[in-house]
Amino acid sequence: MNHTPLEDQVHDSLHRTAAPLERAPFTVGDVRTRARQIQRRRTAAAGAAVAAVLAIAVPVGLSTVGPAQRSEVPPATQPPTPQLATGTVLVDPRSADTVDRAPVPLMDVDGPSLITPDGTIDLPKVYDTLTPYRDGWLGVAVNDAPDLPFAVIEVLDADLEVVGGGSATGGLAVRPDGQRVAWSEYDGERWQVVLADTSGGAEPVRTAFPPAPESHRVEPVGFVSEDEVAVRQFDDTLRTATYVVGSGRPVEVPGLLQAESSSPASGVVAGLSRITRQESCSAVVGASAPAGGTAWETCDHRLGAFSPSGAYVVGLDPESDGNGSPTVTVLDAATGEEVVTFEAVLPPRTVGGFWTQMAWEGDEALVVRMWQREDYHVMRLGLDGTVRRIDIPGAGVSGLSVAVPG
Amino acid sequence: MTATLVVMGSRERRADKDADFSAYMSARQAALYRTAYLLAGDHATAEDLLQNAFAKLYLSWDKVRDREALDGYVRRIMVNENNSLWRRAWKRREHSTDTMPETGVVDTYDDGMGGVLWSFVQTLPPKQRSVIVLRYYEQLSEAEIAETLGISVGTVKSQASRALAALRARAPRSLDSGGDTR
């Protein structure tokens, strides 16, 4: 057992980590080039309402302009596309064909506005998530102000006026058919998960967690059946626990360090399962009662969103970080086998990749946000191997964000 | 003629600026890169942070009168840019701040704990990690850290305290148990 004061150990650890680094990776010319880019960006941003650059998400259930057209959402049982590419598909925004219509909703943070396949809706402020609800919308409003919750649940009317909500939230999730929504909220003493019909037809079902501080945030991950949602809860021991919430008490789902996504079609949850010094691994586990049981595990991918039918699941580079992932692999959700991999083409010495935030367009394509240093592109990656750049201009420097399952 | 003279003067000033900036960059790039790496945790992001900070310094070179404060200026840009990247990552559901990596071996302080601690530092929330790097690597005072991060000294203290508590909660387990993973 080591009795050296922790502060000294941290000091030594940082110095030992940094000491071997003798890097001077760029020249004054490189810096001047970057400075010119910054100057151009500042000029472009002048006069534009530049909101905080936040990753904005819209649940996949939102594929319509207004709440009334909710029924157009494709059913969760939509069959997989029959034509599938294999191997690796290179994604180069510069050479890709373009389309001028978004197949899934996009968020323009700088507008702020919501761009749907059928039109653009100006928003009164920036929302992290927005979905049709009753006669209006349900949204997660975000703010950076200190001493305020980072995210607040808001009920909006059809004119986007706030008519309810106001509690701190860990986010919301929408069933792929758009008919059910789940969100978490903190009531001052404990976290609760609320399950509701988006039509407002039935009384919302509330499930309370044991009393806990707000920092023990409960975040909906996604639906695992018609009426059950998987959530994850953080605590002060830096662990997360996964629960399934329905009409009774929360039921813990073992097997994951941190849940990331779920599929109501197949009743499973995916997430990180193991982290060692050498690798991080992800697994798909059963969520239905009796909960638990690992279907399969991979240390080659970090798992993301399931396709609406549950046939496919996204696999990202396990080392993906704040810079995103250099590849996006579509995996067979039943077995974990690779179907097709999309690889970002990046110029030399350029930081970039795919943001881990992405949306499925049915079971046929992924819509992803790709970035190369300071350039952002929204790309449609077809499972048939087609690559398209979605050519919709944003209002400011932040670019457009794609939808993500709630 | 006058116009030509003005242009030449501008060029000379630009040349002087470039020479001064180049000298500063040559002298400090490697050291500041280490700080960038500790903040970012990977080389690609570290390069991006540092190049971005140098570029902003270059643009502001004529306004920074106190040449002794240049490192602080670069550090401030890097720290805030890094925290901003983390904010953007919030919705990307990475939350690596909340999951500690496990170690696969029993470490001792001299031949392994440093690496384990570094892996734990990488999982701290961004502000806590910034405070730890500035305090225990850059060895800045609490007041200097507060100025760099644009927060109060009290917040610096609380962030440092939480970070150390998180590290302390985890580190002894790595020493005591040889379990592979949880």
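The sequence lines fix the lettering, A, B, ..., with proteins before strands; numbering per chain opens at 1.
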[X] [atom1] to [Y] [atom2] distance, which is reported to the nearest 0.5 Å:
X       : Y        : atom1 : atom2 : value
A/Phe26 : B/Met25  : CZ    : CE    : 6.0 Å
A/Leu21 : B/Leu38  : CG    : CG    : 7.5 Å
A/Leu6  : B/Arg168 : CG    : CZ    : 5.0 Å
B/Arg34 : A/Thr17  : CZ    : OG1   : 12.5 Å
A/Arg23 : B/Leu32  : CZ    : CG    : 15.5 Å

So do B/His43 and A/Pro25 actually touch side chain to side chain, heavy atoms under 4.5 Å?
no
Turns out that what part of B/Leu57 lies under 4.5 Å from chain A's heavy atoms comes down to neither
So, the part of B/Tyr37 with a heavy atom under 4.5 Å from chain A: the answer is side chain
Please name the pair of heavy atoms, one in [X] and one in [Y], separated by the smallest distance, quoted to 0.1 Å.
X        : Y        : value
A/Ala35  : B/Ala55  : N-CB, 3.6 Å
B/Asp48  : A/Arg34  : OD1-NH2, 2.6 Å
B/Tyr136 : A/Glu7   : OH-CG, 3.2 Å
B/Leu167 : A/Val10  : CD1-CG2, 3.9 Å
A/Gln9   : B/Leu117 : CB-CD1, 3.4 Å
B/Gln51  : A/Val31  : NE2-N, 4.1 Å

Applying ring-ring contact (aromatic ring centres under 6.0 Å, His included) to B/Tyr137 and not counting sequence neighbours gives A/His15
So salt bridge (charged side-chain N to carboxylate O under 4.0 Å, His left out) across residues 131-147 of chain B, not counting sequence neighbours, yields B/Arg75-B/Glu138, B/Arg76-B/Glu147
